[in-house]
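By convention here, the first residue in the shown sequence is residue 1. Fair warning: this is a prediction, and the values are worked out from it, not measured in the lab.
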Amino acid sequence: LREQALAEADRLALLTEKVLMATRADEGDLSLRVDELDAMQLLRRIVERASTQLAPSHHIELNGPEKAVVHTDEDALRSILDNLLENAAKYAPAGTTITVELLTGRDGWRLLVSDEGPGITPGEEQRVFEKFHRSGNEETRSARGTGLGLYIVDKLVRGMGGAVHVKRRVPHGAIFVASFPKR
């Protein structure tokens, strides 16, 4: 009973954080501080925590260089990845793999999160980033959620000068791609 109460308190704290962040995003008050940091080190910590808290019934795989120094806001990157991992865990069947990948290039860097869920309904690729939008059929809409996670991802990525989109994963699933400029 105690563990259930703690889990529920954590869920409510996360929900409150999402509502407050969405409100700040609406008001244009995200206050992002972009600094140079090793994104891979941060991603390793986020994935480790997510493996026990956000997606305990999934295998999370992290791919990327040993070190990737980029310009980003640490808290924003944490929130982006947390929301994408939570989304993947919510819709992908238990026991499947969620893959997180960091790619660096001449013009910037990209964060990819892919899952083995039902994927995005064709025609909904942009709508999934709208505030309170719940995509899919009744089966996927019945999953617990607020419709704020992907909205927050979009606002944070744009706040750092980037762009986010989703595409179908073959044979099934979704791949969310957040692209950021080099600076």
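Leu85 and Ala50 make their closest contact through CD1-CB, 3.7 Å (heavy atoms, listed as atom of the first residue, atom of the second, distance). When all heavy atoms of Arg168 and Ile120 are compared, the pair lying nearest together is NH1-O, 2.9 Å. Here the closest heavy-atom approach between residue Gly161 and residue Pro181 is recorded as O-CD, 3.4 Å.
With rounding to the nearest 0.5 Å, the separation of NE2 in His59 from OG in Ser51 is 8.0 Å. One distance of note links OG1 of Thr104 with NZ of Lys67; it measures 13.0 Å at 0.5 Å rounding. Annotation: the span from Glu116 atom CD to Thr96 atom OG1 amounts to 5.0 Å, rounded to 0.5 Å. Interatomic distance, CG of Leu111 versus CG of Leu81, reported as 5.5 Å (0.5 Å rounding). In this structure, OH on Tyr91 lies 9.5 Å from CD on Glu86, to the nearest 0.5 angstrom. With values rounded to the nearest 0.5 angstrom, Ile152 atom CD1 is found 5.5 Å from Leu148 atom CG.
Considering Leu43, Thr99, Ile46, Ile98 in turn, Leu43 is the only one that fulfils the side chain to side chain contact (heavy atoms under 4.5 Å, CB included) rule with Leu62. Here the options are Val166, Val164, Leu84, Asn83, the test is side chain to side chain contact (heavy atoms under 4.5 Å, CB included), and the partner is Leu150; only Leu84 passes.
Between the side chain of His71 and the main chain of Glu36, no donor-acceptor pair closer than 3.5 Å is present. Side-chain N or O atoms of Asp115 include none that pairs as donor or acceptor with a backbone N or O of Ala92 at under 3.5 Å.
Leu112 is not connected to Leu54 by any chain of hydrophobic side-chain contacts under 4.5 Å among Ile, Leu, Val, Met, Phe, Trp and Tyr, and they are in different clusters. Residues Leu37 and Val157 fall within the same hydrophobic cluster, defined by Ile, Leu, Val, Met, Phe, Trp and Tyr side chains chained together at heavy-atom separations under 4.5 Å. The same ILVMFWY cluster, assembled from side-chain heavy atoms under 4.5 Å apart, contains both Met40 and Val34. Follow the hydrophobic side-chain contacts under 4.5 Å out from Val153 and you reach Val100 in the same cluster. Val177 and Trp109 end up in different hydrophobic clusters when Ile, Leu, Val, Met, Phe, Trp and Tyr side chains are linked at under 4.5 Å.
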Self-check item: Full working for side-chain contact (heavy atoms from CB on, under 4.5 Å) between Met160 and Ile80
Solution: CA-CA 11 Å; Met160 289 190 287; Ile80 289 165; 3.7 Å; yes

Quiz item: Please walk me through it: do Asp35 and Asp73 pass side-chain contact (heavy atoms from CB on, under 4.5 Å)?
Solution: CA-CA 6 Å; Asp35 293 315; Asp73 179 287; over 6 Å; no

Practice problem: Would you check, one step at a time, whether the test side-chain contact (heavy atoms from CB on, under 4.5 Å) holds for Lys182 with Asp107? | Solution: CA-CA 5 Å; Lys182 192 162 189 107; Asp107 299 331; 5.9 Å; no

Exercise. Kindly indicate, with the supporting measurements, whether the criterion side-chain contact (heavy atoms from CB on, under 4.5 Å) is fulfilled by Leu156 and Leu32.
Key: CA-CA 8 Å; Leu156 290 172; Leu32 300 177; 3.9 Å; yes

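Counting non-hydrogen atoms of other residues, nucleotides and ligands closer than 6.0 Å to CZ of Arg110 gives a total of 12 or fewer.
Using a 4.5 Å heavy-atom threshold, the side chains of Arg78 and Leu42 count as touching.
Sorted by first and then second residue, the pairs that involve residues 39-59 and meet salt bridge (charged side-chain N to carboxylate O under 4.0 Å, His left out), not counting sequence neighbours, are Arg44-Glu66, Arg45-Glu74, Arg49-Asp82.
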